[in-house]
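Heads up: the structure comes next, in structure tokens.
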Amino acid sequence: MDVLTKHIIFVGGKGGVGKSTTAAAIAHRLSTAGHRTLLVSTDPAHNVGDLFGRTIGGKPVEVAERLVALEIDPQLETERYIAGVKDNIKGVVHSSLMEEVHRQLDTAKASPGADEAALFDKLITIILEERKSFDKIVFDTAPTGHTIRLLSLPELMGVWIHGLLEKRKKTNENYSRLLNDGEPMEDPIYDVLAERQQRFIRVRELLMDCQTTGFLFVLNPERLPILETEKAIDLLHRHSLEVKSIVVNKVLPEHVEGAFWNERKAHEQKYLEMIEQSFNEQEILYVPLLQRDITSFEDLAVFSEQLT
Ligand SMILES: Nc1ncnc2c1ncn2[C@@H]1O[C@H](COP(=O)(O)OP(=O)(O)OP(=O)(O)O)[C@@H](O)[C@H]1O
Ligand SMILES: [Mg+2]
């Protein structure tokens, strides 16, 4: 699959279709092919560790030769993120206000979207920092809606930060005219924001560069996953992110026996045709339904054989 040639690979899709299995299998395959690979799970309901028969935490763990896995814990990241913000404003905000600012930040920690912002920040850090240490970074993402919000965030955040920076520049200009004889004022907050903006811009460039980043969606030959994947691909496209590969997972085996299975197979055929029509711009890989769940490293090796 062409997507395997990319440096950064995002695996997305609806809940339960086989994202984690596919992401782990891809990572396994790439690492055995000689690439230093980092497998990152951004899904709050982690199960990547199970596949490698060990617990993976917020720290990178070497699970096989050339294969490092990392699970991001959104709650822990939120804590870290808020602590980082507190650190940033130290010395900037007057000490009499500090307590109030901290109180507000602690409230923000519990607000909806905080986890996502923190997760996103971590994602950016991984992309910018680990890119040099690994040949391949594979992201196992949370179910569709969440993933898309996350991936469209650089754009949204970019616009938002740009607005903040403009406002701050104006205020600073006003102040410097009034108080500083027109000399520019020092503004650490402006610098922090400007640096963040640079990071966003850089990551956005990497995500939009189809030589560097590949997006892969996993779905099953069923109605809802097809519809949801169509919508997701369309939405990403509107953010200039192109999904060029899909994996159709859990396809019934070629030969099935009995009226029940034949009926199901015929039914599935309809969906397979629908998939071919709907995703005519993507490369499609079919993976059969295996006899049992993929729960061990050995199972994973079998699964990854399918990813050619
Ligand atoms: N081809 C297959 N044959 C048999 N079982 C499979 C196959 N692919 C995945 N499974 C099993 O289906 C279940 C769901 O797979 P997986 O956890 O990879 O999905 P997911 O999309 O990551 O789910 P979630 O949205 O909950 O994160 C697992 O028990 C997995 O072992
Ligand atoms: Mg999963």
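Predicted, not measured: the structure shown is a model, and the values here were computed from it. Just the heavy atoms: all of them, side chains too, but no hydrogens, waters or symmetry mates, feed the values below. Whatever order the structure lists ligands and atoms in, that order sets their numbers, starting from 1.
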Do any N/O atoms on Asp293 end up under 3.5 angstrom from N/O atoms on ligand 1?
-> yes

Would you say Gly13 touches ligand 1, if touching means a heavy atom closer than 4.0 Å?
-> no

So is there a nitrogen or oxygen of Thr22 less than 3.5 Å from a nitrogen or oxygen in ligand 1?
-> no

Is the distance between the Mg ion (ligand 2) and the nearest N/O/S atom of Ser41 smaller than 2.8 Å?
-> no

Where on Val218 is there a heavy atom closer than 4.0 Å to ligand 1, on the side chain, on the backbone, on both, or on neither?
-> neither

Is the closest basic N to carboxylate O distance between Arg80 and Glu77 below 4.0 Å?
-> yes

Can you name the closest pair of heavy atoms from Val138 and Ala23 and give their distance?
-> CG1-O, 3.7 Å

Say whether Arg199 and Thr125, considering side chains only, have a donor N or O and an acceptor N or O under 3.5 Å apart.
-> yes

Would you say Arg292 contacts ligand 1, with heavy atoms under 4.0 Å as the rule?
-> yes

Does the ring center of Phe303 lie less than 6.0 Å from the ring center of His28?
-> no

Numbered atoms and elements of ligand 1 in range of Thr21, under 4.0 angstrom, heavy atoms = 9 (C), 15 (O), 16 (P), 18 (O), 30 (C)

Exceeds 12 heavy-atom contacts within 6.0 angstrom, atom CD of Glu100 = yes

Say whether Ala23 and ligand 1 are in contact under the criterion: heavy-atom distance to a ligand atom below 4.0 Å.
-> no

Decide whether an N or O pair under 3.5 Å exists between Val287 and ligand 1.
-> no

Would you say ligand 1 has an N or O under 3.5 Å from any N or O of Val17?
-> yes

Evaluating non-hydrogen atoms only, which member of Lys19, Lys14, Lys250 is closest to atom 12 (O) of ligand 1?
-> Lys250

Proximal atoms of ligand 1 relative to Phe303 (non-hydrogen, under 4.0 Å) = 1 (N), 8 (N)

Salt bridge flag under 4.0 Å for residues Asp135 and Arg66 = no

Mind checking who shares a hydrophobic cluster with Trp261, ILVMFWY linked at side-chain heavy-atom distances under 4.5 Å?
-> Leu252, Val256, Phe260, Leu289

Looking at Gly15, which atoms of ligand 1 are within less than 4.0 Å of one of its heavy atoms?
-> 25 (O)

Specify the closest pair of heavy atoms between Asp299 and Thr295, including all atoms of both residues, with the distance to one decimal.
-> OD2-N, 3.0 Å

Closest heavy-atom pair and its distance - Ser278, Ile226 | OG-CG2, 4.4 Å

